[in-house]
Amino acid sequence: MYRFLLTPRWWGINIFVVLAIPFCIFMGSWQLGRFEDRVEDHRAAPGQSAAARSSEARPLAELLPVTKETSGKRVEATGQYAEQFLVPERKLDGERGFYVLNLLRTGDGPALPVVRGWLPGDPGRAEVPAAPDGEVTVTGALQASESPGSDGARTAGGLPAGQLGMISAATLVNLVPYDLHNAWVTLDRADGGMTPVPAAAPQNTGLDLKAFQNLGYTGEWFVFAGFVVFMWFRLLRRETEALRDAALGIPEDSGTAAVAPSGAPAASTTSGAQAASTAQAASGAAGPGGPRHPEPASRAVDQDAGSAPV
C-alpha cells in the first residue's frame with residue numbers, strides 16, 4: 001500500500017522533509033545559543049566593568065577597532081581639543097541633561113570624539129565649561145560608535161547647530177573636514193565641574209529586547225520543525241485513505257449528494273399537474289352523493305341517436 005512513497009512526487013516531499021527538519025533544529029539551537037551567550041554576558045558585565053575601571057590605561061591604537069572584548073577598557077590619548085558639540089536628551093541617574101563632547105586632534109591621525117562630562121537641564125540654556133587649551137592627555141573608557149538602537153540615541157533631525165543626536169563617526173563626518181575614529185571615549189574624571197559619564201555595556205550583550213527576540217526565534221524554529229512532521233503525516237494519511245477507498249470501489253465523490261438533471265424539475269411539475277387534474281376529475285365525478293359509475297359508451301350513443309331529428 002505504501003508503494004506510492006517511491007513515486008517522484010513523494011520523493012520530492014520526502015527530501016524536503018529530511019532537509020527541513022535538521023535545518024529548523026539547527027537554527028533553533030543557534031538562536032538558543034545566542035540567548036544563552038547574552039545571559040552569560042549580562043552576568044559577567046559587573047565584574048568586567050569593575051576590572052576595566054581598575055585596569056591600567058593602554059594606548060588607543062592597541063584597542064582599536066572596538067569589539068565586545070575591548071569596549072569599556074581604559075585608554076589614553078594625547079592631543080588638542082577642537083570642535084565642541086552638545087548631545088541632548090541624555091539621562092543620568094534618572095535626571096534629564098546632555099553630554100558635552102569635544103573632538104581631540106591627535107596629530108596627523110583621525111580625531112577622537114571625547115565626552116568630557118554631563119550637565120543637567122537644556123543645552124540651549126545651560127552654561128557649558130570651555131575645553132582646556134593646549135595639549136592634553138585624556139584617560140577614559142573606550143566606547144563603540146552609537147547606532148540607532150543605542151540607548152538615548154536620536155535619529156530624527158531638527159536639532160540646532162552644534163548639537164548631535166548620536167555619537168558616531170557617520171554623524172560627525174559631515175560636520176568636520178577631517179577623519180574620525182569609529183569610537184569615542186568617556187573621561188574617568190570630568191573637567192569643569194561636570195559629572196563623568198559612566199561607560200555603557202557593549203551592544204548586544206545585555207538582557208534587552210533583542211535577547212528575548214532570540215528566545216522567541218528559538219521557539220518559532222522548533223514549531224516549524226514540528227509543523228513539517230505534522231504535514232508529512234497528514235499527507236501520508238490522506239494518500240493512504242484515498243488508495244483504500246479506491247480498492248473498495250468507493251468513488252471519491254461518494255459523500256456528495258446527487259444533483260438532479262436540469263430537466264427533472266420540469267418533468268416533476270408536469271406529472272404533478274397531471275396527477276392533480278386526475279384527482280380533480282375523480283372528485284367531480286363522485287359528486288356530493290358519492291361515486292357514480294360512468295354510463296356505457298353504447299348507451300350514450302343510442303340516446304344521442306334517438307334524440308336526433310328525423
Side-chain angles (χ1 to χ4, degrees), residues 52 56-90 92 97-119 122-124 126-200 202-203:
E56 184 179 356
R58 299 167 58 184
L60 177 65
E62 295 182 5
L63 298 178
L64 292 178
V66 184
T67 63
K68 187 169 63 175
E69 289 73 24
T70 61
S71 179
K73 300 288 186 180
R74 296 181 70 243
V75 299
E76 62 178 10
T78 302
Q80 293 183 345
Y81 282 124
E83 286 84 351
Q84 179 172 280
F85 299 93
L86 306 180
V87 187
E89 302 297 335
R90 298 302 173 105
L92 187 63
F98 60 94
Y99 294 167
V100 179
L101 181 145
N102 284 82
L103 299 180
L104 185 70
R105 300 293 303 273
T106 58
D108 297 334
L112 176 66
V114 176
V115 174
R116 295 170 46 222
W118 175 89
L119 288 174
D122 190 348
E127 183 177 353
V128 181
D133 296 329
E135 187 175 80
V136 295
T137 299
V138 299
T139 303
L142 183 65
Q143 301 280 268
S145 290
E146 293 182 338
S147 64
S150 301
D151 187 20
R154 176 177 175 177
T155 57
L159 292 175
Q163 294 188 17
L164 294 175
M166 185 168 56
I167 307 174
S168 68
T171 304
L172 290 164
V173 69
N174 296 323
L175 303 178
V176 294
Y178 42 81
D179 296 332
L180 296 145
H181 284 294
N182 192 24
W184 58 284
V185 171
T186 174
L187 297 182
D188 293 339
R189 297 180 181 180
D191 56 27
M194 295 183 290
T195 304
V197 176
Q203 296 183 13

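From a predicted model like this one, the values you see are computed outputs, not experimental measurements.
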Which atom pairs, one a donor and one an acceptor, fall under 3.5 Å between side chains of residues 129-138 and the rest of the protein, sequence neighbours left out?
from, atom 1, to, atom 2, distance (Å)
T137, OG1, T78, OG1, 3.1

Minimum heavy-atom distance between [X] and [Y], given as atom pair plus value:
X: A199; Y: A141; value: CB-CB, 3.6 Å
X: L164; Y: L159; value: C-CD1, 3.6 Å
X: P113; Y: L101; value: CB-CD1, 4.1 Å

Passing option when L180 is tested against L172, L112, T171 for side chain to side chain contact (heavy atoms under 4.5 Å, CB included):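 Only one option passes, and that is L172.
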
Candidate pair V66 and N182, rule side chain to side chain contact (heavy atoms under 4.5 Å, CB included), full reasoning: CA-CA 8 Å; V66 184; N182 192 24; over 6 Å; no

Steps toward side chain to side chain contact (heavy atoms under 4.5 Å, CB included) verdict (V197, L92): CA-CA 8 Å; V197 176; L92 187 63; 5.5 Å; no

Test side chain to side chain contact (heavy atoms under 4.5 Å, CB included) applied to L60 and E76, step by step: CA-CA 6 Å; L60 177 65; E76 62 178 10; over 6 Å; no

Tell me if a side-chain donor or acceptor on [X] pairs with a main-chain N or O of [Y] at a distance below 3.5 Å.
X: T70; Y: T67; answer: yes
X: W118; Y: A190; answer: no
X: Q143; Y: A183; answer: no

Working to the nearest 0.5 Å, report the span between [atom1] of [X] and [atom2] of [Y].
X: L103; Y: Q80; atom1: CG; atom2: CD; result: 13.0 Å
X: L86; Y: L119; atom1: CG; atom2: CG; result: 8.5 Å
X: L64; Y: L142; atom1: CG; atom2: CG; result: 6.0 Å
X: M166; Y: S147; atom1: CE; atom2: OG; result: 7.5 Å
X: R116; Y: T186; atom1: CZ; atom2: OG1; result: 12.0 Å
X: W184; Y: I167; atom1: CH2; atom2: CD1; result: 4.5 Å

4.5 Å side-chain heavy-atom contact, M194 and V100: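 Contact flag for M194/V100 side chains = yes.
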
Pairwise side-chain contact, F98 with D122, heavy-atom cut-off 4.5 Å (strictly under):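 No. Closest side-chain heavy atoms not under 4.5 Å.
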
Stepwise side chain to side chain contact (heavy atoms under 4.5 Å, CB included) check, R74 with T139: CA-CA 7 Å; R74 296 181 70 243; T139 303; 3.2 Å; yes

Residues in salt bridge (charged side-chain N to carboxylate O under 4.0 Å, His left out) contact with E89, at least two apart in sequence or another chain: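 E89: salt bridge (charged side-chain N to carboxylate O under 4.0 Å, His left out) contacts with R96.
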
Partner residues of E62 under the salt bridge (charged side-chain N to carboxylate O under 4.0 Å, His left out) criterion, sequence neighbours left out: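 Applying salt bridge (charged side-chain N to carboxylate O under 4.0 Å, His left out) to E62 gives R58.
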
Test: R105 cationic atom under 6.0 Å from Y81 six-membered ring centre, within 45° of axis: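 The answer is no; the distance or angle limit is not met.
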
